[in-house]
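Residues take their numbers from the sequence shown, with the count starting at 1. Every number for a ligand or one of its atoms is a count from 1 in the order of the listing.
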Amino acid sequence: MIKVLFVCLGNICRSPMAQAIFEHQINGTHLTNHFEVFSAGTTDYHIGAPPDPRTLSTLKSHGILFEHQAHQVNYSDINNYNYLIAMDHQNFVHLQNMKPISAMLMKMRYFDPVDKNSDVPDPYFGQNDGFETVYRILNRSIEGLILKLKEKHLS
Ligand code: 4NP
């Protein structure tokens, strides 16, 4: 089983959206047997809370229903997952400071075919269209991530 953890700050906007999109993209394929995905936040701000309503409505507008309760990343996660995928540089540094031993730590947009060197922007304090922007970035980045994981582990 290849275990992937998406990580952002609050685990109510970007990383749950990434988890939902990843699950949606592999849903109905043989890949579901090979991957386990989850998401977490670096902070305790929203532990136990559902995703932001704007996350859920954006996903729903793309035909994706999703449920999640916010979880704060901990040391057992750091050692349990094979891939830690940070949404932005701050999340990346946070995970780096937790000193993962065997997990691969990467930023989400490393897999973005359009722009590999940017962060997934935090939509929390912005307008609604920020969530659609994040959806588009994540959708294409996760396509790229799944291709790489298939190449590496399943070819
Ligand atoms: P996320 O967005 O990290 O994508 O879940 C945020 C959610 C909450 C806060 C900041 C960003 N906050 O400051 O509460």
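Polar contact with ligand 1: absent for Tyr45 (N/O pair, distance under 3.5 Å). Annotation: Leu9 places an N or O atom under 3.5 Å from an N or O atom of ligand 1; distance criterion only. Below 3.5 Å of separation, one finds no N or O of Ser15 facing any N or O of ligand 1. Polar contact with ligand 1: absent for Pro123 (N/O pair, distance under 3.5 Å).
Note on ring orientation: taking the six-membered ring where Trp is involved, the planes of His34 and His30 are perpendicular (angle over 60°, cut-offs 30° and 60°). Using bins of under 30°, 30° to 60° and over 60° for the plane-to-plane angle, the ring pair Tyr81/Phe38 lands in the parallel bin.
When each of Arg54, His62, Gln127 is checked for a side-chain hydrogen bond (donor to acceptor under 3.5 Å, both in side chains) with Glu132, only His62 meets the rule.
Under 4.0 angstrom from ligand 1, the non-hydrogen atoms of Asp122 all belong to its side chain. For His46, every heavy-atom contact with ligand 1 shorter than 4.0 Å involves the side chain, none the backbone. In Asn11, the part holding a heavy atom less than 4.0 Å from any atom of ligand 1 is the backbone.
Asp119 contributes no side-chain N or O that, together with a main-chain N or O of Pro121, makes up a donor-acceptor pair within less than 3.5 Å.
Between atom OH of residue Tyr83 and atom CE of residue Met106 there is a gap of 6.0 Å, rounded to the nearest 0.5 Å.
A donor and an acceptor atom, one from each side chain of His68 and Asn11, are located under 3.5 Å apart.
Against a heavy-atom cut-off of under 4.0 Å, Cys8 is close to the following atoms of ligand 1: 1 (P), 3 (O), 4 (O), 5 (O).
Not a single heavy atom of Met17 sits closer than 4.0 Å to an atom of ligand 1.
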